[in-house]
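This report refers to the structure that appears directly beneath it.
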Number of protein chains: 2
Amino acid sequence: MKNKKINSIEHADVMTDPRRKYYWDRVKYEGRRYPKFHWPTVEMFLNVVLAYDILTTHFARRMAKYGLSISAFNILMILSRSEGKGCKQRDLSSLMLVSRANVTGLIDSLVRQGFVTRTASQKDRRVCIAKITKAGDDLLEQLLPWHYEEMSRVAADMSLQEKENLSRLLTRLRISFVKRLESEE
Amino acid sequence: MKNKKINSIEHADVMTDPRRKYYWDRVKYEGRRYPKFHWPTVEMFLNVVLAYDILTTHFARRMAKYGLSISAFNILMILSRSEGKGCKQRDLSSLMLVSRANVTGLIDSLVRQGFVTRTASQKDRRVCIAKITKAGDDLLEQLLPWHYEEMSRVAADMSLQEKENLSRLLTRLRISFVKRLESEE
DNA sequence: TATTGTTATACTCTATAACTATA
DNA sequence: TATAGTTATAGAGTATAACAATA
């Protein structure tokens with residue numbers, strides 16, 4: 001995930017750009033040719049994608065200032081919550097839903113930056129334990145207060161009820177999605 | 001965007017996996033240390049990311065069966081809506097919010113697959129016009145009926161009102177996000 | 001001078017497959 | 001045999017910078 005548009009200068013803003021709207025109008029119009037096309041449904045999916053792009057573009061850009069990708073940030077978050085015990089690379093792979101080979105690379109780069117150590121387990125010498133370092137913890141302590149403050153601030157136009165509704169509806173979409181896919185086979 | 005988890009066999013399902021829930025519980029619990037941490041807000045953002053991941057993982061996997069990445073699909077969609085006139089690469093760059101260099105690569109691969117042609121403009125010979133081919137149109141005609149049917153099907157547990165609410169709330173989040181970021185400077 | 005597209009280069013994230021060391 | 005991690009390789013997607021052709 002997704003170092004998109006970190007420094008996009010050449011093109012206009014995603015949100016206010018009428019071309020984005022124009023494209024949606026075209027989709028809405030042309031879609032009528034297809035019997036199962038249902039605009040409120042398609043619009044909902046487009047909105048999920050667009051909201052995600054806006055959010056992650058911004059947060060990825062901010063993380064990049066601290067030398068972190070979003071994946072690297074997620075690993076640090078997991079490690080900082082492991083109460084000093086660290087975490088097996090295997091478990092990181094499961095938690096982050098990426099391959100073990102991938103975790104190797106991510107941990108490599110975090111070790112190079114000095115934010116993580118990698119030590120062989122005593123109990124099972126096949127296993128590597130990744131632990132966050134003091135420098136990694138310090139980085140999070142520097143980053144997280146701003147991170148949470150920023151989250152609250154950018155969502156300040158929404159009421160608590162709207163936030164809860166949005167969470168609820170996204171969860172419903174997710175559950176419906178997974179259920180329908182499973183019943184497909 | 002985002003060929004994630006196309007063939008993930010090693011790990012459990014994203015949705016039903018209690019480890020994901022566990023991680024959220026930890027975030028919720030540990031977050032209390034930070035004064036501006038507000039769980040309903042953070043949860044909302046996590047839900048946007050998770051919903052997006054589920055959706056795009058699935059759709060990317062389906063597109064891959066047709067030899068298309070999501071970016072490639074988006075380009076074909078834009079070109080198919082340009083009424084035979086095609087589209088300047090420059091405009092594709094703007095519409096898709098990626099660099100011109102990027103568009104070159106994406107068009108290269110679509111030309112190689114035979115879904116797009118690239119011709120020099122008569123009026124302005126700096127400009128390249130990308131046009132969708134018969135093969136590209138045929139591919140979309142094969143793909144879109146299923147695509148829209150699938151969208152409707154996986155969202156079938158949601159009422160029209162819920163879909164419209166979800167769209168409305170995502171839009172509100174997006175607008176709030178952009179407005180607050182702009183007022184930052 | 002400014003713009004369009006290309007080339008070159010590099011980085012991140014992802015995947016699979018083959019390998020090793022260990023269990 | 002099975003598992004944890006690594007290495008090697010691949011490919012998508014992104015970026016910047018320098019360049020050529022054209023306006």
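Order of the sequence lines sets the chain letters (A, B, ...), proteins ahead of strands, with each chain counted from 1. Hydrogens, waters and symmetry mates are skipped; everything else that's a heavy atom, side chains included, is used.
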Rounded to the nearest Å, what distance is computed from the [atom1] atom of residue [X] to the [atom2] atom of nucleotide [N]?
| X | N | atom1 | atom2 | result |
| --- | --- | --- | --- | --- |
| B/Asn102 | D/dA15 | CG | C1' | 8 Å |
| A/Ile75 | C/dT12 | CD1 | C1' | 13 Å |
| A/Met96 | C/dA15 | CE | P | 10 Å |
| B/Ile129 | C/dT6 | CD1 | P | 12 Å |
| B/Leu68 | D/dG11 | CG | C1' | 15 Å |
| A/Asp108 | D/dA8 | CG | P | 12 Å |
| A/Ile70 | D/dT14 | CD1 | C1' | 14 Å |

Under the salt bridge (charged side-chain N to carboxylate O under 4.0 Å, His left out) test, residues paired with A/Lys65 that sit two or more places apart: none

Just to verify, what does A/Asp137 make a salt bridge (charged side-chain N to carboxylate O under 4.0 Å, His left out) with, not counting sequence neighbours? none

Would you say C/dG5 has OP1 or OP2 under 4.0 Å from some side-chain N or O of B/Ser121? no

OP1 or OP2 of D/dG13 sitting under 4.0 Å from any side-chain N/O of B/Ser69? yes

CA sep, side-chain torsions, deciding dist, call: A/Lys134, A/Asp138, salt bridge (Lys or Arg N to Asp or Glu O under 4.0 Å): CA-CA 6 Å; A/Lys134 176 83 168 51; A/Asp138 289 349; 2.9 Å; yes

With sequence neighbours excluded, what pairs up with B/Cys87 under the side chain to side chain contact (heavy atoms under 4.5 Å, CB included) test? B/Ile78, B/Leu79, B/Asp91, B/Leu92

Minimum-distance nucleotide (side-chain atoms of [X] versus [options]):
| X | options | result |
| --- | --- | --- |
| B/Thr104 | D/dG5, C/dT6, D/dA15 | C/dT6 |
| B/Gln89 | C/dT6, D/dG5, D/dA15 | C/dT6 |
| B/Ala101 | D/dT16, C/dT16, D/dA4 | D/dT16 |
| B/Cys128 | C/dT6, D/dG5, C/dA15 | C/dT6 |

Report the residue (B/Val103 or A/Ala72) whose heavy-atom-nearest nucleotide on DNA chain C is the more 5′ of the two. B/Val103

Taking the hydrophobic residues Ile, Leu, Val, Met, Phe, Trp and Tyr, and joining any pair whose side-chain heavy atoms are under 4.5 Å apart, which ones share a cluster with B/Tyr29? none

B/S/- contact track for nucleotides 18-23 of chain C, protein heavy atom under 4.0 Å: ---BBS

Which residues satisfy the side-chain hydrogen bond (donor to acceptor under 3.5 Å, both in side chains) test with B/Thr41, sequence neighbours excluded? A/Lys163, B/His38

If you assign each of A/Arg118 and B/Leu106 to its closest nucleotide in DNA chain D, which residue comes earlier from the 5' end? A/Arg118

With B/Tyr34 as partner, the option from A/Glu141, A/His147, A/Glu149 fulfilling side chain to side chain donor-acceptor pair (under 3.5 Å) is A/Glu141

